[in-house]
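Accompanying notes for the structure given below.
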Amino acid sequence: MATDLKDQELLVYESRIKVPYTWSVGEVGSRFLTELKENKKIWGTKCPICEAVFVPPKKTCTFCFVACHEWVELKDEGVLQTYTVVRYDSDLIPGKKPQIIGIVLLDGADTGIAHMIDGVSPDQVKVGMRLKAVFNDKRTGQILDIKHFKPI
Amino acid sequence: MDNIAIVGVGQTTIERNKLGDTFADMVFEATQKALEDAGMTMDDIDNVITTSNDFWDGRTISTMAVGDACGAGMGKNMSALEGDGTFSCFYGMTRILSGVYGTSLVVAHVKGSESENLLITNAIFDPLYMRPIGLDSLNSAALQMRRYMTKYGVTEEQCAKVSVKNHKNALKNPYAQIKKEVSLEDVLESRLIADPLKLYDCSPISDAACAVIIAGDDRAKKAKKPVWVKGVGYCADSYFLGDRDLADALALDMAASKAYEMAEITDPLEEIDVAEVYDAFSYMELMWYEGLGFCPVGNGGKLIDKGVTEMDGKLPVNPSGGLLSGHPVIVGGMIRLAEAVLQVRGDAGDHQVKNVNTALAHGINGPCGQSHCVWIVGR
């Protein structure tokens with residue numbers, strides 16, 4: 001057999017990986033998502049040292065490395081910190097193309113929450129605009145119980 | 001620091017699809033080149049570190065799968081790291097500093113061509129809060145670019161200048177994937193990907209491997225062409241995008257400060273002769289100028305306006321063409337380090353910067369530059 005592989009046709013093997021997972025939400029996340037589902041309320045946790053309010057809530061302060069035991073109810077309104085208009089096809093984005101995705105700083109929170117922005121056209125959306133959470137009628141205890149944020 | 005040197009580097013060409021090579025084939029090529037470059041054989045290698053990412057490779061503990069291709073199958077102590085190649089080189093260096101090993105061979109590989117970039121990079125994000133929104137490497141970078149432009153008044157045109165510069169530099173790099181001159185208008189008028197990111201603001205999907213050989217003390221002194229590690233720093237920022245002000249590279253600032261302190265650098269713009277930084281997107285290079293202290297915070301746009309980082313400027317950045325002309329994830333930072341080494345040796349060929357005594361290399365990992373590794377190498 002010839003050892004020169006120069007003219008060898010190159011094959012490509014097609015396959016896929018599909019692995020189901022069950023991720024623990026944890027005590028803190030469970031309370032947060034249950035409040036979204038049952039009461040349409042957004043809660044955060046507060047660091048006892050730097051007093052930063054985290055949403056989604058955290059068990060541990062990012063900045064101080066201490067446990068955050070205190071819960072704070074936040075308003076379902078806030079300010080758009082940054083955004084993008086996604087122009088490409090992505091099956092991973094629940095909304096329709098072109099979908100606006102942004103980071104919203106809720107009133108009373110110190111960290112932003114990434115979510116979809118709707119009810120405003122791509123050429124009207126602006127950093128600094130005030131937004132309000134729109135909840136799904138049917139809620140299952142997940143972040144997409146908030147359908148999107150819309151301008152007030 | 002004065003007892004650790006990089007004594008050999010090897011890289012494959014960066015291509016959109018290296019159809020003829022498995023990822024192990026690429027690692028074999030890079031390893032052979034690094035050994036040849038160092039004038040060494042596998043007998044001179046005391047331990048091996050591989051770098052990869054399971055999602056990109058489509059198998060778990062993918063770092064084990066390239067053992068044969070980098071000589072680890074010869075009974076070497078092999079360790080594995082997931083993340084950017086600069087981080088695994090850091091690990092390779094610390095293994096020597098432990099006193100157990102005299103040399104470390106560090107390899108990194110990726111074949112971006114074999115999977116779906118959006119699916120893989122969506123999986124960077126936590127499954128509960130960020131992944132369901134559809135965040136990925138492109139739209140998260142767009143969020144950062146907008147925040148950076150908003151906070152500091154940096155313009156799309158200033159970001160585009162990075163793309164123009166790096167594409168031009170790549171024309172002279174034999175390893176670069178994209179060799180195409182682009183004008184400012186080309187970048188600004190290229191297809192919108194995720195506002196304000198346009199096609200030519202983004203690095204491409206790529207395949208490549210790289211290998212670096214690090215040596216300590218006597219083994220370094222006896223090397224053919226040692227390039228000495230003067231300083232190195234490695235810092236991480238918070239994972240959730242909303243926990244950070246995406247306009248500021250605080251972790252880079254800290255990593256650079258540590259590296260500069262070790263290297264006794266007080267004025268990086270004056271004391272560094274060339275830098276290879278992780279320009280996954282055009283705007284990132286401007287942010288990294290600031291994090292690396294090449295200019296005050298918020299002034300990255302002004303620095304490129306002045307031409308300081310052009311090939312003929314005071315501090316050329318990415319003479320290789322950077323990642324905008326070829327972005328093998330995982331390998332990206334290691335190539336920056338290999339390029340910095342070549343620049344110090346005067347072996348960078350057509351993209352050699354004149355009179356390089358001190359070079360900087362930079363790698364990142366995580367969404368929107370969550371963690372940073374900075375290397376200072378020199379004569």
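Worth knowing before you read on, the calculation uses all heavy atoms, side chains too, and leaves out hydrogens, waters and symmetry mates. The model shown is predicted, which means the values in this text are computed figures rather than measured ones. In what follows, every chain begins at residue 1, and chains take the letters A, B, ... in the order their sequences are listed.
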Heavy-atom neighbours of [X] [atom1] exceed 12 at 6.0 Å:
X: B/Arg59; atom1: CZ; result: no
X: B/Lys302; atom1: NZ; result: no
X: B/Lys151; atom1: NZ; result: yes
X: A/Phe135; atom1: CZ; result: yes
X: B/Leu184; atom1: CG; result: yes

For the [atom1] atom of [X] and the [atom2] atom of [Y], what is their distance to the nearest 0.5 Å?
X: B/Leu241; Y: A/Thr111; atom1: CG; atom2: OG1; value: 11.0 Å
X: B/Glu116; Y: A/Leu92; atom1: CD; atom2: CG; value: 10.0 Å
X: B/Arg131; Y: A/Trp23; atom1: CZ; atom2: CH2; value: 4.5 Å
X: A/Ser15; Y: B/Glu114; atom1: OG; atom2: CD; value: 12.0 Å
X: A/Ile113; Y: B/Tyr129; atom1: CD1; atom2: OH; value: 9.0 Å
X: A/Lys58; Y: B/Asp243; atom1: NZ; atom2: CG; value: 4.0 Å

Checklist line | Close side-chain approach of A/Leu144 and B/Ile133, heavy atoms under 4.5 Å | finding: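 They are in side-chain contact.
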
Region of [X] in contact with chain A, defined by heavy-atom distances below 4.5 Å:
X: B/Leu197; answer: neither
X: B/Phe240; answer: side chain
X: B/Asp136; answer: side chain

If you count heavy-atom pairs within less than 4.5 Å of chain A, which of [options] leads?
options: B/Gly242, B/Gly134, B/Ala247; result: B/Gly242
options: B/Ser140, B/Pro196, B/Ala194; result: B/Ala194
options: B/Leu19, B/Asp245, B/Asp237, B/Leu135; result: B/Leu19

Next item on the list: Could you check which of A/Val55, A/Asp91, A/Ile93 has the highest count of heavy-atom pairs closer than 4.5 Å to chain B?
Entry: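 It is A/Ile93.
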
Margin query: Can you give me the closest heavy-atom contact between A/Thr82 and B/Arg147, atom names plus distance?
Written below: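 Nearest pair, atom of A/Thr82 first, then B/Arg147: OG1-N, 3.3 Å.
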
Margin query: Looking at every non-hydrogen atom in both residues, tell me the closest pair between A/Thr62 and B/Ser238 and how far apart they are.
Written below: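 In this case the closest contact between A/Thr62 and B/Ser238 is CG2-CB, 3.2 Å.
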
For [X], is it the side chain, the backbone, both, or neither that has a heavy atom closer than 4.5 Å to a heavy atom of chain B?
X: A/Leu33; answer: side chain
X: A/Val12; answer: side chain
X: A/Tyr21; answer: neither
X: A/Val86; answer: both
X: A/Ile17; answer: side chain

Check: Would A/Arg87 and B/Asp195 satisfy side-chain contact (heavy atoms from CB on, under 4.5 Å), going step by step from the backbone distance to the final call?
Finding: CA-CA 8 Å; A/Arg87 306 283 176 171; B/Asp195 317 16; 2.6 Å; yes

All N/O donor-acceptor pairs, side-chain side in residues 114-122 of chain A, below 3.5 Å, sequence neighbours left out:
| from | atom 1 | to | atom 2 | distance (Å) |
| --- | --- | --- | --- | --- |
| A/His115 | NE2 | A/Ile143 | O | 3.3 |
| A/His115 | NE2 | A/Ile146 | O | 3.1 |
| A/Ser121 | OG | A/Asp123 | OD1 | 2.6 |

Margin query: Taking B/Ala142's backbone N and O only, do any of them form a donor-acceptor pair with A/Thr84's side chain (distance below 3.5 Å, no angle check)?
Written below: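 Not at all, since once roles are kept as given, no pair shorter than 3.5 Å links the two residues.
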
Next item on the list: Could you check A/Tyr83 against B/Asn139 for side-chain hydrogen bond (donor to acceptor under 3.5 Å, both in side chains), going step by step and ending with a plain yes or no?
Entry: CA-CA 9 Å; A/Tyr83 69 92; B/Asn139 55 37; over 6 Å; no

